[in-house]
Amino acid sequence: MKVVSCVPAATDMINTLGLDQFISGVTFECPSSKPKVVRSVLEDNQLTSSEINETVSEYMKEQKSLYYIDQELLEQIEPDIMFTQHVCDVCQIGTSYVEKAIYKLSKQPKIVPLIPKNLNDIFDNVITVAKELGSEQKGIDAVKGYKDRLNRIQRKLMENNRRNSQVFFMEWINPIYNSGHWIPDLLHLAGGDDIFANNEGHSNPIKWEDLKQYDPEIIIISPCGYDRKKAVEEVKQLQQLDGWKQLRAVNNNNVYLVDPNLFTQPSIGVIDGVELLAALFHSDIISMPKHLTKKYIKI
């Protein structure tokens, strides 16, 4: 069986489940040595967050895709299965584009779209991926283990009668975006509430004045697709905003830049994301796992 993963989350699930022998092609974003079938016009760019936002807006206005498929490579691979998504055409290549790309292939692969809107959907996707690769039980066992980890956090918070922290999760820096889809679930499980979070929906621009008025206790910054060095540079824009230094989170040294792969990628890594957030929100009762100590920095 030959699989092409058009979604980094699917690649991560396959690798984590120990089924990577089936992968024959991935996206440019996947940390894999496998052939890169999915490419992007934003690949290897050095644009700022505002410039990326302008580029994305222009492409959406003209109804053009930010992503494309190496058609010749796809024909050479002749995949049996292709994992896709149609949650957000800005973040990843969409299912409809993939369907157009396979139209002329002599061998038609099975398209398996992953459509996560919340954490339970992510768990379902893990089982779906495992089942498609003939290892459903591996997926079921994995999900049970992830839920056990989350339950340990919940018990700790309940045992200490801990109230949820007032937080703001920032998915983009310029303009400032709130969090959406499954991220509100992660925040709540970690013991945090975000009044701007758009549960099961898309993230949206937030007015700076509204964020100042909310004045959260903790700010989490997680710009989708950015590495740490680039994100740190972008954060400097926030520090120049009128009223930034007066925010509670800033005054109390509770502003954190976190690895976006633990949050914006709807895969197994979100469990690490919850554990990281819980340790940041409630550090006096929940310890930071050692393997996550380099996944965040204090701003």
Side-chain angles (χ1 to χ4, degrees), residues 48-50 52-53 118-119 153-154 156-158 160-226 228 230-264 270 272-288 292-293 295-299:
T48 65
S49 57
S50 60
I52 291 176
N53 186 68
N118 54 47
L119 181 58
I153 294 175
Q154 294 300 293
K156 194 74 171 181
L157 295 173
M158 291 179 62
N160 288 272
N161 196 28
R162 188 53 56 95
R163 73 167 181 82
N164 282 6
S165 301
Q166 293 177 312
V167 305
F168 177 67
F169 192 102
M170 188 183 302
E171 279 201 49
W172 199 247
I173 294 173
N174 188 5
I176 295 173
Y177 270 69
N178 67 347
S179 63
H181 295 120
W182 51 86
I183 292 179
D185 285 345
L186 310 185
L187 295 172
H188 184 73
L189 288 169
D193 285 327
D194 183 346
I195 65 170
F196 290 113
N198 187 21
N199 190 43
E200 298 190 1
H202 291 287
S203 57
N204 298 292
I206 296 296
K207 293 180 180 179
W208 171 238
E209 292 301 319
D210 291 340
L211 182 53
K212 281 201 301 183
Q213 184 174 357
Y214 173 38
D215 195 16
E217 295 175 290
I218 302 170
I219 295 176
I220 303 295
I221 305 170
S222 183
C224 182
Y226 269 22
R228 177 177 294 192
K230 194 172 182 180
V232 168
E233 285 298 314
E234 288 292 303
V235 167
K236 293 177 181 178
Q237 299 178 58
L238 297 173
Q239 295 170 331
Q240 301 303 315
L241 292 172
D242 178 47
W244 173 262
K245 294 180 180 178
Q246 284 70 52
L247 293 175
R248 280 191 296 172
V250 176
N251 283 322
N252 294 327
N253 294 314
N254 281 327
V255 180
Y256 302 94
L257 180 65
V258 300
D259 184 345
N261 288 327
L262 301 183
F263 302 97
T264 57
V270 299
D272 281 340
V274 174
E275 292 176 334
L276 185 149
L277 291 179
L280 293 180
F281 296 168
H282 305 283
S283 58
D284 57 328
I285 61 171
I286 297 178
S287 300
M288 180 67 67
L292 297 177
T293 55
K295 296 295 185 179
Y296 75 98
I297 57 174
K298 183 173 288 192
I299 299 298

Give me each pair satisfying side chain to side chain donor-acceptor pair (under 3.5 Å) with a member in residues 205-225, each pair once, sequence neighbours excluded. R163-E217, E209-K212
Shortest non-hydrogen contact from P184 toward A197: CG-CB, 3.6 Å
The reported gap from CG in N254 to CG in L280 (rounded to nearest 0.5 angstrom) is 8.5 Å
Output all residues satisfying side chain to side chain donor-acceptor pair (under 3.5 Å) with N253, sequence neighbours left out; order by chain, then residue number. none
Distance-minimising heavy-atom pair for H181 and N199: O-OD1, 3.8 Å
Per the side chain to side chain donor-acceptor pair (under 3.5 Å) rule, what does the pair list look like for residues 241-251, sequence neighbours excluded? Q166-R248
Report the distance from atom OG of S165 to atom CG of L187, rounding to the nearest 0.5 Å. 10.5 Å
Would you indicate whether the side-chain heavy atoms of I176 and L241 approach each other to under 4.5 Å? yes
Side chain to side chain, F281 and I220, heavy atoms closer than 4.5 Å: yes
Spatial distance of atom CG (D259) from atom CG (D272) [nearest 0.5 Å]: 9.5 Å
Keeping H282 on the side-chain end and G191 on the backbone end, is there a donor-acceptor pair under 3.5 Å? yes
Report the residues that fulfil ring-ring contact (aromatic ring centres under 6.0 Å, His included) with F168, sequence neighbours left out, ordered by chain and then residue number. F196
So which atom in L119 and which in L186 form the shortest heavy-atom distance, rounded to 0.1 Å? CD1-CD2, 4.1 Å
Give every residue pair that meets the salt bridge (charged side-chain N to carboxylate O under 4.0 Å, His left out) criterion with at least one member in residues 191-201, sequence neighbours excluded. none
Side chains of L262 and L277, heavy atoms from C-beta outward: is any pair under 4.5 Å? no
Report yes if the side chains of V250 and Q239 come closer than 4.5 Å at any heavy-atom pair, otherwise no. no
Nearest heavy-atom neighbours spanning L257 and P223: CD1-CD, 3.9 Å
Would you indicate whether the side-chain heavy atoms of I221 and L238 approach each other to under 4.5 Å? yes
CD1 on I285 to CG on L157, rounded to 0.5 Å: 5.0 Å
Residues pairing under salt bridge (charged side-chain N to carboxylate O under 4.0 Å, His left out) where one sits in residues 164-185, two or more places apart or in two chains, turn out to be none
If every non-hydrogen atom of Q154 is compared with every non-hydrogen atom of L189, which pair is closest and at what distance? NE2-O, 2.5 Å
Run the numbers on E234 and Q237 for side-chain hydrogen bond (donor to acceptor under 3.5 Å, both in side chains), then give the verdict. CA-CA 6 Å; E234 288 292 303; Q237 299 178 58; 2.6 Å; yes
Start with the C-alpha distance between V258 and K295, add both sets of side-chain angles, then the distance that settles side-chain contact (heavy atoms from CB on, under 4.5 Å), and finish with yes or no. CA-CA 6 Å; V258 300; K295 296 295 185 179; over 6 Å; no
Checking D284 against R162 for the side-chain contact (heavy atoms from CB on, under 4.5 Å) test, could you report, in this order, the C-alpha distance in whole Å, the side-chain angles of both residues, the deciding distance, and whether it holds? CA-CA 11 Å; D284 57 328; R162 188 53 56 95; 2.9 Å; yes
Going from OH on Y177 to CG on N198, what distance comes out if it is rounded to the nearest 0.5 angstrom? 12.5 Å
How long is the gap from CD1 on I206 to CG on N178, to the nearest 0.5 Å? 4.0 Å
